[in-house]
Amino acid sequence: MVVTRIAPSPTGDPHVGTAYQALFNYVFAKQHGGKFIVRLEDTDRTRYNPTSERRILEMLEWLGLSPDESPTKGGPNGPYVQSQRLPIYRQHVQMLLEKGAAYRAFDTPEELAAAREAARRAGKQEQGYNRRYRDYPAQEAERRAAAGEPHVVRLKVPLEGKTVVHDLLRGSIEFENAALDDKVILKADGYPTYHLAAMVDDHLMGVTHVIRAEEWITSTPFHILILRAFGWEEPVWCHTPLLRNPDKSKLSKRKMDTSVDSYKAQGILPEALLNYLGTMAWSMPDGREIFSVQDMIKHFSLERISLGGPVFDLNKLKWMNGKYIREVLSLDDLAQRVKPFLERAGLSYPSETYLKQALEAMRARFETLQEFVDRSLYFFSEAYPMQEKALAKLREGAAFLPELREQLSGLPDLLPDHTEPLLKGFAEAKGVKAAAVMQPLRAALTGSLETPGMFDLLTLLGKERVLKRLERAMELVGE
RNA sequence: GGCCCCAUCGACUAGCGGUUAGGUCACCGCCCUUUCAAGGCGGCGGCAGGGGUUCGAAUCCCCUUGGGGUCACCA
């Protein structure tokens, strides 16, 4: 059975890179009827962020990438939080120690720094640990450890030969063992490092395919060496390209908004975000750009992943979100999605029908849910702002306002059947273009020059509000 | 800098020896039009460079260049 996983570390906001990896791992697992696991890698106590853990898990649910096994869901191979698995790691480190595949090292951080500095000055090309304790007498090491002397455990990396990474997308990647160093697998605080913990957990959890970002390529030989030290089989390695900032560097929150929570707050739809991420380094065989996770599961193949690092383009994400808003979601669905945003803005609506009509009228005019709120204030409140350009237009047509108000007030209702002939006739009678009447009216009713069509506006606002707004506008321009 | 990965329009990509190098975003123009959008139509724009291999290279190989990643008791 195919088993994939993502192993985020709870150090900050839920990252789009995590969502990206989750998508590929989820889709691949589902496509093969396998399992998708989420495991939290919280072995760095200094960077641990308590809310991050919960938010990462919530993000995955929001996206609909529900794991089969996770800290919240549990599963047969738990716990799924590494800090709760310390005994497992210690036990495995012990195994390596006994096999002679790892050794205790008593260097202090200061000593290590000094050694690195000395090596640098000597102009040494190879960096990394100088292996001072590699051949240290085992009994002596055990004695010092037993005495409580702080130390780490390092893997004994072969001094010769090479380790080959068989990457699904790149073929064989060779690394000279001589260029590797003896990495720490157990820290002085008793926590494992990523390398050890990830390999132990992947093995114990039955992970068959490690699909992760390419930043891990250079540590893969080390991971393979750990696996071999235990006598375990390797998973399939598949390193996907890194998402990039516009300047092509690795996507980072310093240069870009990388927080999924932030996109959610802006009103980016989960399916649009997922769809967009699905077009990063991957494409549908038939070239479709709008597709669901289900579509992706149907047509996905790891081999179609392209290797160039894709730039995360906010502009296209927003375009795609707009596409979902106007073409993919049903009106009912859209209404449900927008409600929390209205509520947060303190806006209410008279009825479900009214909300849907406003949405329908605005649909082609906003790309995020928050934009709907920002641009539709006049549908929900009398406290809408009067934009400068709109005010100017209002002044231009101020002279028409009283008569316009008079005529509109004479209508039984403001449905298009009545308003359309009235407004067109009005302009004609005045010998002006329709816009000369429409624009000032638009400004009066919405404070804006960018709105849905006039007849939709009049229908939606209704006679009472229209007349009131016209009166206020006349006061404003002193007519 | 060492090691490793990568390289098609500004961005995302299709292409896997024979195509007028296709699509999407962005940009520009036109149409539609009461505004703004949306939509339709059209345009601009690319195989990093140089060597090979081949009857034939965007496609295969090598070099150069460029970009990126990684070199922690972080993941």
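Quick note on labels: first sequence line is chain A, next is B, and so on, each numbered from 1.
Looking at heavy-atom distances under 4.0 Å, T46(A) makes no contact with the nucleic acid at all. Residue D107(A) is classed as a base contact, given a heavy-atom separation below 4.0 Å to a base. At a threshold of 4.0 angstrom between heavy atoms, the contacts of E174(A) are confined to the sugar-phosphate backbone, with no base atom among them.
At least one side-chain nitrogen or oxygen of R304(A) sits closer than 4.0 Å to the OP1 or OP2 atom of G15(B). Side-chain N/O atoms of K183(A) include none lying less than 4.0 angstrom from OP1 or OP2 on C74(B). Proximity of S283(A) to the phosphate of A14(B): a side-chain N or O atom is located under 4.0 Å from OP1 or OP2.
Atom OH of Y103(A) and atom P of C73(B) are 12 Å apart (whole Å). The CG-P distance, from N321(A) to U24(B), rounds to 20 Å in whole Å. F291(A) places its CZ atom 12 Å from the C1' atom of U24(B), with the value rounded to the nearest Å. Atom CD1 of I305(A) is separated from atom P of A14(B) by 11 Å (rounded to the nearest Å).
With respect to the salt-bridge test (charged N to carboxylate O, under 4.0 angstrom), the residues E271(A) and R337(A) qualify. Using a cut-off of 4.0 Å between Lys/Arg side-chain N and Asp/Glu carboxylate O, D413(A) and K463(A) are scored as not salt-bridged. K316(A) and E289(A) are joined by a salt bridge, as a carboxylate oxygen and a charged side-chain nitrogen come within less than 4.0 angstrom of each other. Salt bridge status for D107(A) with R132(A): present, with a side-chain N to carboxylate O gap under 4.0 Å.
For the pair I37(A)/P67(A), no side-chain contact is recorded, criterion being any heavy-atom separation below 4.5 Å from C-beta on.
For S306(A), the side-chain atoms get nearest to A14(B) when compared with the rest of A14(B), G69(B), C12(B). Checked against A75(B), G69(B), C4(B), the side chain of D44(A) finds its nearest nucleotide in A75(B). Counting only heavy atoms from C-beta on, R47(A) has its side chain closest to A75(B) among C73(B), A14(B), A75(B).
The salt bridge (Lys or Arg N to Asp or Glu O under 4.0 Å) analysis of residues 163-173 of chain A, with sequence neighbours excluded, yields the pairs D167(A)-R170(A), R170(A)-E214(A). Counting only residues at least two apart or in different chains, salt bridge (Lys or Arg N to Asp or Glu O under 4.0 Å) contacts with residues 420-433 of chain A comprise E403(A)-K430(A), E420(A)-K424(A).
Applying the Watson-Crick and G-U wobble criteria (two distances, each under 3.5 Å), G2(B) pairs with U70(B). In this structure C30(B) sits in a base pair with G40(B), meeting the Watson-Crick or G-U test at under 3.5 Å.
A donor N or O paired with an acceptor N or O is not found under 3.5 Å between the base of C5(B) and the side-chain atoms of R170(A).
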Worksheet entry | Nucleic acid footprint by protein, nucleotides 25-39 of chain B - heavy-atom cut-off 4.0 Å, B for base, S for sugar-phosphate alone | SS-------BBBBSS
